[in-house]
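Position 1 is the first residue of the sequence, and the numbers go up from there.
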Amino acid sequence: MMAAVRIGVLGCADIARRRMLPAMAAESGVEIAAVASRDAARARDLAGQYGARPHHGYGSLLERDDVDAVYIPLPAALHARWTEAALRAGKHVLAEKPLTTSPADTERLTALAADSGLALMENVMFVHHTQHTAVRELVADGVIGEPRAFHAAFAIPRLPDGDIRYRPELGGGALWDVGVYTVRAALHFLGNDLAVVGATLDAVGGSPVDTAGTALLRTPDGVGAHLTFGLDHGYRSAYELWGSLGRITVERAFTPPADHRPRIRLEGRDGVEELTLPADDQVAATVRAFASAVRDAAPPDPVLLRQASLLDELRSRAAQRSP
């Protein structure tokens with residue numbers, strides 16, 4: 001039996017406490033070895049729940065020789081700094097999305113990981129859910145004919161005013177928080193050769209960060225992708241693939257609970273059909289995928305570079321349109 005991957009956690013963010021650490025604790029091939037926080041009491045409390053060692057500050061955790069990998073749930077603007085520190089300390093890295101807020105940083109870090117023989121993975125969990133594999137297979141089987149368009153939307157209701165996603169210095173804003181899902185979905189289904197046609201980003205109500213956005217992308221052969229995202233909307237998490245013969249629609253696409261049984265809606269010339277799939281836990285699947293990447297010392301996925309480039313171009317295009 002292979003030894004468990006020993007993971008250290010840099011930060012006690014809500015997603016770490018609520019989703020990732022419980023999934024890590026439940027995975028037989030993973031051990032939560034240490035938890036670090038700028039707040040010593042928070043580190044002790046969270047580490048104590050999993051029999052891990054607490055650390056006051058992130059740097060001291062990276063010095064441990066009994067930590068193989070780190071999970072970084074810090075605000076987006078801190079990802080590049082601590083991902084680089086972890087890689088230079090010889091640790092594999094799973095970082096929350098986006099991996100960085102700069103294409104240059106993403107390129108530098110992926111190169112560092114590859115050169116060091118270390119796994120570097122971005123925590124975009126939905127791509128590990130089996131419902132999207134089923135959709136890919138339906139498209140490959142020609143169920144909707146030739147793809148013509150892709151639509152994706154991810155938006156959530158207004159957050160409390162003090163939420164870090166409203167702080168520009170921490171990498172807040174709709175594009176980095178929810179827009180990244182729609183961009184990744186377009187890449188997942190249409191491939192890496194997407195180009196930006198146009199984009200908008202808006203700060204509703206004088207917000208210091210963008211709270212709403214749209215983007216239009218296209219493939220070299222003319223398949224369009226229309227993306228919508230926001231932080232001040234009625235909840236929406238869905239995508240649609242529209243082809244020459246029909247359409248596939250998936251609701252609760254990006255953050256379904258583990259017990260949710262996905263339904264894929266097929267619309268074609270012969271009517272409408274719904275396929276109900278088994279429930280799947282995308283958080284657990286992500287943890288397993290990272291542990292496997294660590295054991296194999298897998299190189300970073302090239303999609304990280306293309307995604308970073310597209311996000312940067314979307315922001316630039318939106319800025320050009322602003323008055």
Side-chain angles (χ1 to χ4, degrees), residues 97 121-155 178-199 214-229 236-258 260-286 288-289 292 298 301-311 314:
K97 49 79 191 163
M121 196 168 115
E122 181 183 54
N123 197 29
V124 177
M125 292 187 279
F126 80 90
V127 298
H128 301 285
H129 197 292
T130 52
Q131 66 177 329
H132 311 300
T133 303
V135 169
R136 277 178 153 178
E137 291 172 351
L138 289 168
V139 173
D141 290 343
V143 172
I144 61 170
E146 297 179 4
R148 296 287 185 248
F150 177 77
H151 299 158
F154 193 22
V178 286
V180 64
Y181 288 88
T182 63
V183 171
R184 185 60 162 269
L187 290 165
H188 193 68
F189 290 106
L190 301 182
N192 283 4
D193 291 332
L194 287 166
V196 177
V197 178
T214 60
L216 182 61
L217 315 177
R218 72 184 298 276
T219 68
D221 54 355
V223 178
H226 181 206
L227 315 178
T228 307
F229 46 91
R236 178 82 166 142
S237 173
Y239 64 77
E240 171 188 281
L241 277 158
W242 190 1
S244 57
L245 300 178
R247 183 167 56 181
I248 295 173
T249 304
V250 177
E251 299 283 348
R252 305 190 78 174
F254 300 121
T255 57
H260 172 64
R261 296 197 64 190
R263 289 189 296 274
I264 298 175
R265 180 181 175 89
L266 302 176
E267 299 177 60
R269 293 175 178 174
D270 298 328
V272 177
E273 179 185 3
E274 280 201 348
L275 304 178
T276 301
L277 305 179
D280 189 26
D281 186 344
Q282 67 183 31
V283 186
T286 300
R288 287 193 295 271
S292 178
D301 190 328
V303 74
L304 291 174
L305 296 172
R306 190 70 195 115
Q307 176 184 287
S309 178
L310 287 174
L311 289 168
L314 290 176

Which heavy-atom pair separates [X] from [Y] by the least distance, and what is that distance?
{"X": "P262", "Y": "P278", "value": "CD-O, 3.4 Å"}
{"X": "D280", "Y": "T130", "value": "OD2-N, 2.9 Å"}
{"X": "S237", "Y": "T255", "value": "OG-N, 4.1 Å"}
{"X": "K97", "Y": "N123", "value": "CG-O, 3.8 Å"}
{"X": "G198", "Y": "L314", "value": "O-CD2, 4.2 Å"}
{"X": "A186", "Y": "A225", "value": "CB-CB, 4.3 Å"}

Return the [atom1] to [atom2] distance between [X] and [Y], rounded to the nearest 0.5 Å.
{"X": "H151", "Y": "R247", "atom1": "NE2", "atom2": "CZ", "answer": "9.0 Å"}
{"X": "I144", "Y": "L245", "atom1": "CD1", "atom2": "CG", "answer": "8.5 Å"}
{"X": "D281", "Y": "H260", "atom1": "CG", "atom2": "NE2", "answer": "13.0 Å"}
{"X": "S309", "Y": "N192", "atom1": "OG", "atom2": "CG", "answer": "10.5 Å"}
{"X": "F154", "Y": "L227", "atom1": "CZ", "atom2": "CG", "answer": "13.5 Å"}
{"X": "H129", "Y": "T286", "atom1": "NE2", "atom2": "OG1", "answer": "10.0 Å"}

Just do the ring pair (Phe, Tyr, Trp, His ring centres under 6.0 Å) check on F126 and F254 with the steps written out, would you? CA-CA 5 Å; F126 80 90; F254 300 121; 5.0 Å; yes
Decide salt bridge (charged side-chain N to carboxylate O under 4.0 Å, His left out) for R263 and E251; before the verdict, give the C-alpha distance in whole Å, the side-chain angles of both, and the deciding distance to 0.1 Å. CA-CA 7 Å; R263 289 189 296 274; E251 299 283 348; over 6 Å; no
For L187 and L310: C-alpha separation, side-chain torsions, deciding distance, then whether side-chain contact (heavy atoms from CB on, under 4.5 Å) applies. CA-CA 10 Å; L187 290 165; L310 287 174; 3.7 Å; yes
Do [X] and [Y] pair up side chain to side chain, a donor and an acceptor below 3.5 Å, judged on atom types alone?
{"X": "Q131", "Y": "Q282", "value": "no"}
{"X": "R136", "Y": "T133", "value": "no"}
{"X": "D193", "Y": "T219", "value": "no"}

Within the structure provided, determine whether [X] and [Y] are in side-chain contact (heavy-atom separation under 4.5 Å).
{"X": "E273", "Y": "E267", "value": "no"}
{"X": "I264", "Y": "V135", "value": "yes"}
{"X": "I248", "Y": "V139", "value": "yes"}

Under the side-chain contact (heavy atoms from CB on, under 4.5 Å) rule, what do V180 and F229 come out as? Steps first, then yes or no, please. CA-CA 9 Å; V180 64; F229 46 91; over 6 Å; no
Look only at the side chain of S244 and the backbone of E146, and say whether a donor-acceptor pair between them is shorter than 3.5 Å.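 Present.
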Report the C-alpha distance between R218 and V223 in whole Å, list the side-chain angles of each, state the deciding distance to 0.1 Å, and finish with yes or no for side-chain contact (heavy atoms from CB on, under 4.5 Å). CA-CA 5 Å; R218 72 184 298 276; V223 178; over 6 Å; no
Does a sphere of radius 6.0 Å around CG in D270 hold more than 12 heavy atoms from other residues, nucleotides or ligands, not counting ones at 6.0 Å or beyond?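 Not more than 12 within 6.0 Å, no.
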Give the ring-plane orientation class for F189 versus H132, where under 30° counts as parallel, over 60° as perpendicular and anything between as tilted.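 F189 vs H132 ring planes: perpendicular.
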Hey, mind stepping through F150 and H226 against side-chain contact (heavy atoms from CB on, under 4.5 Å) and telling me if it holds? CA-CA 6 Å; F150 177 77; H226 181 206; over 6 Å; no
Salt bridge (charged side-chain N to carboxylate O under 4.0 Å, His left out) for E240 and R265? Distances and angles first, verdict last. CA-CA 9 Å; E240 171 188 281; R265 180 181 175 89; over 6 Å; no
